[in-house]
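As structure tokens, the structure follows; a few thoughts come after it.
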Amino acid sequence: MKFEVSQTDFMLLTSVLNLIKRGGYGCSITREDIIRESGVSRSAFISRMQNIHLKEKQLKERIA
């Protein structure tokens, strides 16, 4: 099974991982921290988050 991740998603996920590693368990990470660390534009970040939210909502509706 192959799992593909877009370059933008990879950059966002990598930045979150790096922030968690630096902050330790229970750290607080803001959207601005993720945007700054990843180098992704604010609009690309917001678009990704909206898409994820929509997909999650559709999945929950299918299950219910």
Side-chain angles (χ1 to χ4, degrees):
M1 177 195 260
K2 189 174 182 180
F3 184 75
E4 294 185 23
V5 176
S6 72
Q7 182 179 359
T8 303
D9 289 343
F10 178 79
M11 291 168 63
L12 291 171
L13 293 169
T14 304
S15 68
V16 171
L17 177 62
N18 290 335
L19 288 166
I20 290 171
K21 284 181 179 178
R22 278 189 256 144
Y25 181 78
C27 64
S28 177
I29 299 173
T30 65
R31 289 180 182 187
E32 280 70 30
D33 294 337
I34 296 169
I35 292 167
R36 182 181 60 250
E37 179 75 21
S38 67
V40 173
S41 70
R42 180 178 300 280
S43 62
F45 175 80
I46 291 170
S47 174
R48 289 291 184 205
M49 294 302 109
Q50 288 173 341
N51 287 343
I52 290 169
H53 177 70
L54 180 61
K55 288 177 185 177
E56 184 177 327
K57 184 178 176 182
Q58 291 172 345
L59 181 62
K60 285 180 181 179
E61 288 174 355
R62 266 191 238 150
I63 293 173

Enumerate, atom names and distances included, each donor-acceptor pair closer than 3.5 Å involving a side-chain atom of residues 39-55, sequence neighbours excluded.
| unit_1 | atom_1 | unit_2 | atom_2 | d |
| --- | --- | --- | --- | --- |
| Ser41 | OG | Ser43 | OG | 3.3 |
| Ser41 | OG | Ala44 | N | 3.2 |
| Arg42 | NH1 | Glu32 | OE2 | 3.3 |
| Arg48 | NE | Asp9 | OD1 | 3.3 |
| Arg48 | NH2 | Ser6 | OG | 3.3 |
| Asn51 | ND2 | Ser47 | O | 3.4 |

ask   = Is there a donor-acceptor pair under 3.5 Å between the side chain of Thr14 and the backbone N or O of Met11?
value = no
query = What do the steps show when you test Thr30 against Asp33 for side-chain hydrogen bond (donor to acceptor under 3.5 Å, both in side chains), and what is the final call?
reply = CA-CA 5 Å; Thr30 65; Asp33 294 337; 3.2 Å; yes
[atom1]/[X] to [atom2]/[Y] distance, rounded to the nearest 0.5 angstrom?
{"X": "Asn18", "Y": "Ile34", "atom1": "CG", "atom2": "CD1", "answer": "11.5 Å"}
{"X": "Leu17", "Y": "Glu37", "atom1": "CG", "atom2": "CD", "answer": "10.0 Å"}
{"X": "Lys21", "Y": "Leu19", "atom1": "NZ", "atom2": "CG", "answer": "11.5 Å"}

Donor-acceptor pairs under 3.5 angstrom involving side-chain atoms of residues 57-64: please list them, not counting sequence neighbours.
| unit_1 | atom_1 | unit_2 | atom_2 | d |
| --- | --- | --- | --- | --- |
| Lys60 | NZ | Glu56 | OE2 | 3.3 |

